[in-house]
Amino acid sequence: MFELTQNKIHDEKRQGEAFASLAVSGLGQKKFYIESYGCAMNFADSEVVASILLEKGYGITQNYEQADLILLNTCSIREKAELTVRKRLTEFRKVKKENPGLLVGVLGCMAERLKSKFIEEEKLVDLVVGPDAYRTLPGLIEEAETGQKGVNVLLSREETYGDISPIRLNSNGVTAFVSIMRGCNNMCSFCVVPFTRGRERSRDATSIINECKDLFENGFREVTLLGQNVDSYLTTDPSTNGEGSVTFANLLEMVAKISPLLRVRFSTSHPKDLTDEVLFTMAKYDNICKYIHLPVQSGSTRILQMMNRTYTREWYISKINRIREILPGCGLSTDMITGFCSETEEDHKETLSLMEYCEYELAYMYYYSERPGTLAKRRYKDDVPEEIKKRRLQEVIALHRIQSLAGMQKEIGKTAKVLIEGNSKKSDNHWAGRSDNNKVVVFPKNNNDLRKGSYADVVITSCTAGTLKGEIKK
Ligand code: SAM
Ligand code: SF4
């Protein structure tokens with residue numbers, strides 16, 4: 001049974017997911033097993049890692065007990081994410097005891113943050129490889145096979161893995177993530193990403209377009225262009241001998257032109273970089289989904305300044321107004337942090353009132369977790385008690401639930417253009433897919449010629465908190 005979980009940028013249901021792409025299993029002699037944690041960028045990176053290892057003759061397995069190499073692609077964004085990985089590692093100890101030749105590798109942000117300290121702290125770990133060093137994995141594995149520990153956490157200013165064709169893991173065959181840039185140059189004071197993923201760099205436009213075309217030719221009907229800050233995408237235009245440049249708006253247009261049948265989404269937008277040019281490009285093409293993930297983090301200007309977000313509450317609201325003016329009905333989602341250093345009840349109320357104004361369809365909500373090495377850790381005291389952080393988070397979540405249900409109810413009676421991603425979770429007699437504004441829609445199949453990857457006009461008749469239900473339009 002298929003679950004529509006793959007379009008979320010940070011999906012709790014996918015944490016620790018091992019891939020299930022049987023089509024590529026068993027090709028090589030030695031087998032690797034990979035689990036991914038954290039955001040969609042990490043899941044996309046695991047597909048690059050899989051491609052590098054398959055190229056070197058490794059096979060793939062879904063069962064870690066049969067693996068010669070276990071890889072965990074990790075996340076450092078909050079302390080809880082790191083604790084989950086530590087706990088998971090203890091579960092591999094037993095397997096390693098039974099199979100001493102087994103190698104265990106830690107990839108991604110936690111590897112980058114802890115470097116060789118990881119090997120000192122977790123004796124069973126043989127490999128520690130940062131997000132820019134995946135090309136060196138085969139060499140590091142060879143080293144580790146001789147009993148040496150393999151560590152490469154060098155960050156790069158150039159690496160984009162642009163030439164590597166990712167192996168689609170756990171793919172539904174309809175929707176795919178495409179990385180367009182890596183790293184981040186914004187120094188939000190709470191965030192560890194600039195330290196674990198390095199400087200921002202954009203992948204060349206030609207390789208992005210080729211990957212998207214290739215996906216389309218292989219039956220995919222939706223791409224999500226991925227980066228920490230997609231709106232600051234910038235490369236030189238190959239058709240102008242390096243003289244012109246390609247902005248994010250140009251790139252969006254190039255991808256949208258591949259085919260009107262290919263839906264285009266993108267994430268994440270930093271509010272300061274989302275330009276009118278991008279909004280007008282979205283308005284111009286029906287196949288660019290009218291949905292923007294625009295993390296705000298807090299509704300209080302004072303806290304936003306301490307977070308180094310570079311905008312005020314009023315400026316963010318004016319950006320929302322501009323989106324509504326150029327793209328009426330555009331779906332909006334956000335990220336929110338409660339209990340950041342020095343946050344008062346007043347600040348918290350401003351967050352709630354901002355949410356009321358913005359009416360987000362979806363929100364990723366967290367309480368503040370102080371991270372080593374960040375500006376906030378160095379500058380401010382993490383002085384909001386945990387129970388207050390959590391209580392405020394509950395209030396934010398409760399408001400969001402009311403708002404998102406109201407958003408779902410507003411869809412009743414409307415017609416949604418749905419891209420079918422597979423059978424519904426509950427019944428093979430129903431299709432499940434997503435509307436342009438990213439809502440899950442389920443409807444009866446009714447014996448017509450629709451299939452996975454088809455579009456259907458569906459009249460919405462009812463809803464639950466997470467799903468719209470409807471009937472094919474007659
Ligand atoms: N680049 C994106 C942006 O600027 O919005 C977000 C990237 S980050 C991987 C995803 C989200 O994690 C952030 O938007 C923020 O809400 C949350 N986050 C980051 N650091 C955090 C921290 N120290 N504590 C709690 N939440 C955090
Ligand atoms: Fe972190 Fe800010 Fe960069 Fe997002 S924009 S990855 S929150 S530093």
Side-chain angles (χ1 to χ4, degrees), residues 9-12 15-16 36-43 45 72-89 106-122 125 128-132 153 155 182-200 227-229 268 270 295-298 300 302-310 334-343 347-348 351 363-390 392-393 396:
I9 298 311
H10 180 105
D11 195 332
E12 279 309 324
Q15 298 307 296
S36 310
Y37 295 82
C39 64
M41 303 248 10
N42 247 16
F43 284 76
D45 275 4
L72 294 189
N73 195 354
T74 61
C75 170
S76 274
I77 202 84
R78 282 168 291 276
E79 193 185 9
K80 194 169 152 238
E82 291 202 353
L83 292 176
T84 309
V85 167
R86 298 265 189 187
K87 190 157 163 261
R88 187 64 173 144
L89 281 172
V106 176
L107 316 178
C109 291
M110 226 176 140
E112 192 62 50
R113 195 179 81 70
L114 291 161
K115 304 186 170 54
S116 46
K117 217 169 123 201
F118 215 124
I119 283 178
E120 290 154 29
E121 289 173 7
E122 303 281 353
V125 172
V128 175
V129 188
D132 287 347
V153 287
L155 286 172
R182 299 180 73 80
C184 183
N185 285 356
N186 295 320
M187 278 285 177
C188 300
S189 64
F190 52 80
C191 187
V192 80
V193 168
F195 306 100
T196 58
R197 292 198 153 253
R199 304 293 291 168
E200 185 179 289
Q228 293 298 351
N229 187 11
T268 297
H270 192 297
V296 63
Q297 316 294 1
S298 168
S300 151
R302 188 182 72 83
I303 295 293
L304 287 170
Q305 270 164 358
M306 286 175 68
M307 286 177 162
N308 205 20
R309 288 293 287 184
T310 72
T334 199
D335 293 350
M336 204 64 97
I337 299 177
T338 65
F340 185 67
C341 313
S342 86
E343 188 191 70
D347 295 315
H348 172 58
T351 293
Y364 301 92
M365 299 157 285
Y366 316 99
Y367 65 86
Y368 175 57
S369 163
E370 187 180 71
R371 306 309 294 131
T374 56
L375 290 180
K377 161 89 184 160
R378 279 180 272 147
R379 278 188 199 158
Y380 309 122
K381 214 165 148 216
D382 180 14
D383 55 0
V384 178
E386 189 156 314
E387 68 271 18
I388 295 184
K389 286 180 180 176
K390 287 185 176 169
R392 289 180 188 163
L393 177 61
V396 162

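We're numbering straight along the sequence, starting at 1.
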Short question: side chain of [X], backbone of [Y] - any donor-acceptor pair under 3.5 Å?
X: D347; Y: S300; answer: no
X: S36; Y: N42; answer: no
X: T268; Y: N229; answer: no
X: R371; Y: S76; answer: yes
X: D383; Y: S342; answer: yes

Is any side-chain heavy atom of L89 less than 4.5 Å from a side-chain heavy atom of F118?
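Contact flag for L89/F118 side chains = yes.
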
Using a 4.5 Å cut-off on heavy atoms from C-beta on, say whether the side chain of R309 contacts that of P295.
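Of all side-chain heavy-atom pairs linking R309 with P295, at least one is under 4.5 Å.
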
To check you understand the geometry: which heavy-atom pair defines the closest contact between [X] and [Y], and what is its length?
X: G373; Y: R378; result: O-NH2, 3.2 Å
X: F195; Y: E112; result: O-CG, 3.9 Å
X: N73; Y: G108; result: OD1-CA, 3.4 Å
X: M306; Y: C341; result: CE-O, 3.5 Å
X: G227; Y: M41; result: CA-SD, 3.5 Å
X: Y37; Y: F43; result: C-CE1, 4.1 Å

Atom pair [atom1] ([X]) and [atom2] ([Y]), whose distance is rounded to the nearest 0.5 Å:
X: R78; Y: Y367; atom1: CZ; atom2: OH; value: 9.5 Å
X: C75; Y: M110; atom1: SG; atom2: CE; value: 9.5 Å
X: R197; Y: D132; atom1: CZ; atom2: CG; value: 8.0 Å
X: M187; Y: T310; atom1: CE; atom2: OG1; value: 13.5 Å

Go through the structure and list residues passing side chain to side chain contact (heavy atoms under 4.5 Å, CB included) with K117, not counting sequence neighbours.
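Side chain to side chain contact (heavy atoms under 4.5 Å, CB included) check on K117 returns L114, E120, E121.
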
Restricting to side chain to side chain contact (heavy atoms under 4.5 Å, CB included), what partner residues turn up for A363, sequence neighbours left out?
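Partners of A363 by the side chain to side chain contact (heavy atoms under 4.5 Å, CB included) criterion, ordered by chain and then number, come out as T334, M365, H400.
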
Only one of R392, E343, Q297 forms a side-chain contact (heavy atoms from CB on, under 4.5 Å) with I337, so which one is it?
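With I337 as partner, R392, E343, Q297 yield a single side-chain contact (heavy atoms from CB on, under 4.5 Å), made by Q297.
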
Start with the C-alpha distance between E122 and R86, add both sets of side-chain angles, then the distance that settles salt bridge (charged side-chain N to carboxylate O under 4.0 Å, His left out), and finish with yes or no.
CA-CA 8 Å; E122 303 281 353; R86 298 265 189 187; 2.8 Å; yes

Intermediate values then yes/no, side chain to side chain contact (heavy atoms under 4.5 Å, CB included), T351 and T338:
CA-CA 9 Å; T351 293; T338 65; 5.7 Å; no

What do you reckon, is NZ of K80 surrounded by more than 12 foreign heavy atoms closer than 6.0 Å?
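Result for NZ/K80: open.
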
The criterion is side chain to side chain donor-acceptor pair (under 3.5 Å); which residues satisfy it with [X], sequence neighbours excluded?
X: T196; result: none
X: R113; result: E82
X: R182; result: D45
X: D382; result: K389

For side chain to side chain contact (heavy atoms under 4.5 Å, CB included), just list the numbers for F340 and S298, CA-CA rounded to whole Å, side-chain angles, deciding distance to a tenth of an Å, and then say yes or no.
CA-CA 9 Å; F340 185 67; S298 168; over 6 Å; no

Report the C-alpha distance between C191 and I77 in whole Å, list the side-chain angles of each, state the deciding distance to 0.1 Å, and finish with yes or no for side chain to side chain contact (heavy atoms under 4.5 Å, CB included).
CA-CA 7 Å; C191 187; I77 202 84; 4.1 Å; yes

